[in-house]
Engineer: 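Have a look at this one before I ask anything.
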Amino acid sequence: MSTKPIFVATHPRACSTAFERVFMTRRDILTCVHEPFGDAFYFGPERMSTRYENDEQARKESGFANSTFKTVLERIERESKEGKRLFIKDITHYLVPPNGQLATIAPSLGGKTVKKGVGTNGMNGEMNGTNGTNGTNGTNGFVNGHHKAPFPYETEAETKNPTVVPAEILKQFHFTFLIRHPRHSIPSYYRCTVPPLDKITGFYDFMLSEAGFDELRRVFDFLVENKQVGPTRAGQHGELKDGEVSITVIDADDLLDDPEGIVSAYCKEVGIKYDPQMLNWDTEEDHQRAKDAFEKWNGFHNDAINSTSLKPRDSAHKKKSKTVESEDREWREKYGEEGARIIRECVNTNIADYEYLKSFAIKL
């Protein structure tokens, strides 16, 4: 069993913040760190996202314009000084270059500069498993427009590593995974990037490259291949050896249908004693901690902030099977013809990666 910092690797709109709130109740043994790598991915001098590339003011106002991947890791190190185990929840594509680009190590993390003319331009990405399947068709992630971010770096790649973080640093974490079907996560994310929510979130474009499934799958495969997780699967093993990490994947729909069963099974895999009170948080201190932790992503976490517990969905709220036609009709009614087309394209692009990861999910 591992005692390393827990890292919940996920994609946007996977109910991950609700899951995080469960573990925020364990202040006796855990220090929670909420989505730290987005600071470097979106705003800092090593940013890989183009979302704020033409908005220097927004980058400055974020407070993270100087954040690098090194400063993020230094913050995580400071958080560990309390002596409690860390519980980190973050979006996996914050560690991975968008649009299937070859990952090279972030300069602040010791990435070695390549000689001019010997760079990675034109490489097909096979060194670190990139497959370019996120459907962006060379638009650098924006549905409308093309911008230039500081990435790609003029640094070397690590063989097969799909991230900009050296493999030796990744080994410091106990990785687990949280997924949600793209037919639920993608429309939810799209909603955050169009009126009226876009004025609150500050995300004014839906970026196909932010779906996150391709990146999550490639990081998952890299960690399994490197034996950082697995080969044993959650719930299918005896006592784990010292430092051993099982393959632990949670599907959000399973979590919402049976919170106690899934959370208790997850706790067993990461070496935490499950307490039923973890599913309840309704004190003033609980709510203030959540507001403080989630405020930098305004508009994305309102449901989690306003929640008081995680209870099983009743039959009226369980996700019922829908036909493609009924989904498309619903999305057209909410977002118009073009919005529905974009959502459907993104959903279809990511189903195969979701189903692959789902095949590893905890089964009760």
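FYI, side chains are in, hydrogens and waters are out, and symmetry mates aren't considered; it's all heavy atoms of this structure. The structure presented is a predicted model; accordingly, all values stated were derived computationally and were not measured.
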Engineer: Is the side chain of Glu269 donor-acceptor paired with the backbone N or O of Gly235 at a distance under 3.5 Å, no angle test?
Structural biologist: yes

Engineer: With a 4.0 Å cut-off, would you call Glu337 and Arg341 a salt bridge?
Structural biologist: no

Engineer: Tell me if the aromatic rings of Phe23 and Tyr266 count as close, with their centers under 6.0 Å from one another.
Structural biologist: yes

Engineer: Do Asn161 side-chain atoms and Val165 backbone N/O form a donor-acceptor pair below 3.5 Å?
Structural biologist: yes

Engineer: Do Trp281 side-chain atoms and Ser307 backbone N/O form a donor-acceptor pair below 3.5 Å?
Structural biologist: yes

Engineer: With sequence neighbours left out, write down each residue that passes side chain to side chain donor-acceptor pair (under 3.5 Å) with Ser16, or none if nothing qualifies.
Structural biologist: Lys89

Engineer: State whether the side chain of Glu158 and the backbone N or O of Ala167 hold a donor-acceptor pair below 3.5 Å, judged by distance alone.
Structural biologist: yes

Engineer: Is there a donor-acceptor pair under 3.5 Å between the side chain of Thr31 and the backbone N or O of Lys84?
Structural biologist: no

Engineer: Can you tell me which residue pairs pass the salt bridge (Lys or Arg N to Asp or Glu O under 4.0 Å) test with a partner in residues 96-111, sequence neighbours excluded?
Structural biologist: none

Engineer: Could you pull out all residues at least two apart from Phe213 that satisfy ring-ring contact (aromatic ring centres under 6.0 Å, His included)?
Structural biologist: His11

Engineer: Kindly say whether Cys192 contributes a backbone atom to a donor-acceptor pair with the side chain of Thr201 at under 3.5 angstrom?
Structural biologist: yes

Engineer: Using atom types as modelled and distance alone, determine if a side-chain donor or acceptor of Ser309 lies under 3.5 Å from a backbone N or O of Lys311.
Structural biologist: no

Engineer: Who pairs with Phe69 by ring-ring contact (aromatic ring centres under 6.0 Å, His included), at least two apart in sequence or on another chain?
Structural biologist: none

Engineer: Could you check Glu284 against Gln288 for side-chain hydrogen bond (donor to acceptor under 3.5 Å, both in side chains), going step by step and ending with a plain yes or no?
Structural biologist: CA-CA 6 Å; Glu284 194 60 41; Gln288 190 58 52; over 6 Å; no

Engineer: Sequence neighbours left out, what passes side chain to side chain donor-acceptor pair (under 3.5 Å) with Ser67? Give chain and number order.
Structural biologist: none

Engineer: Can you see whether Ser62 engages Tyr42 through a side-chain donor-acceptor pair at a distance of less than 3.5 angstrom?
Structural biologist: no

Engineer: If a pair satisfies salt bridge (Lys or Arg N to Asp or Glu O under 4.0 Å) and one of its residues is in residues 163-176, list it, with sequence neighbours excluded.
Structural biologist: Glu168-Lys171

Engineer: Of Arg180, Arg313, Lys358, which is the lone residue that meets salt bridge (charged side-chain N to carboxylate O under 4.0 Å, His left out) with Asp253?
Structural biologist: Arg313

Engineer: Is there a donor-acceptor pair closer than 3.5 Å between any side-chain N or O of Arg59 and the backbone N or O of Glu53?
Structural biologist: yes

Engineer: Quick one: sort the Phe19 and Phe87 rings into parallel, tilted or perpendicular, breaks at 30° and 60°.
Structural biologist: tilted

Engineer: One pair to check against side-chain contact (heavy atoms from CB on, under 4.5 Å): Met48 and Gln101. What are the steps and the verdict?
Structural biologist: CA-CA 10 Å; Met48 294 188 285; Gln101 296 176 86; over 6 Å; no

Engineer: For His34, which of Met24, Glu295, His301 qualifies under side-chain contact (heavy atoms from CB on, under 4.5 Å)?
Structural biologist: His301

Engineer: Does any pair with a residue in residues 191-203 pass salt bridge (Lys or Arg N to Asp or Glu O under 4.0 Å), and if so which ones, sequence neighbours excluded?
Structural biologist: none

Engineer: For Met207, is there any backbone N or O sitting under 3.5 Å from a side-chain donor or acceptor partner on Asp205?
Structural biologist: no

Engineer: Does the side chain of Ser108 pick up a donor-acceptor pair with the side chain of Glu46 at under 3.5 Å?
Structural biologist: yes

Engineer: Quick one: do Arg75 and Glu79 make a salt bridge, cutoff under 4.0 Å?
Structural biologist: yes

Engineer: Mind checking ring-ring contact (aromatic ring centres under 6.0 Å, His included) for Tyr354 and listing every partner two or more places apart, or none if nothing turns up?
Structural biologist: His181

Engineer: By salt bridge (Lys or Arg N to Asp or Glu O under 4.0 Å), which residues pair with Lys322, not counting sequence neighbours?
Structural biologist: Glu330

Engineer: Do the side chain of Thr155 and the main chain of Ile105 share a donor and acceptor less than 3.5 angstrom apart?
Structural biologist: yes

Engineer: Flag the pair Lys296 and Glu35 as a salt bridge only when some basic side-chain nitrogen lies within less than 4.0 angstrom of an acidic carboxylate oxygen.
Structural biologist: no

Engineer: ring-ring contact (aromatic ring centres under 6.0 Å, His included) with Phe7: which residues, sequence neighbours excluded?
Structural biologist: Phe173, Phe175

Engineer: If you look only at pairs with a residue in residues 214-236, which of them pass as a ring pair (Phe, Tyr, Trp, His ring centres under 6.0 Å), with sequence neighbours excluded?
Structural biologist: Phe177-Phe220, Phe220-Phe360

Engineer: Is there a donor-acceptor contact under 3.5 Å linking the side chains of Glu215 and Thr92?
Structural biologist: no

Engineer: Quick check: do Tyr153 and Pro107 have side-chain heavy atoms less than 4.5 Å from each other?
Structural biologist: yes

Engineer: Could you tell me whether Glu327 atom CD has more than 12 heavy atoms of other residues or ligands within 6.0 Å of it?
Structural biologist: yes

Engineer: Partners of Asp90 by side chain to side chain donor-acceptor pair (under 3.5 Å), sequence neighbours excluded?
Structural biologist: none

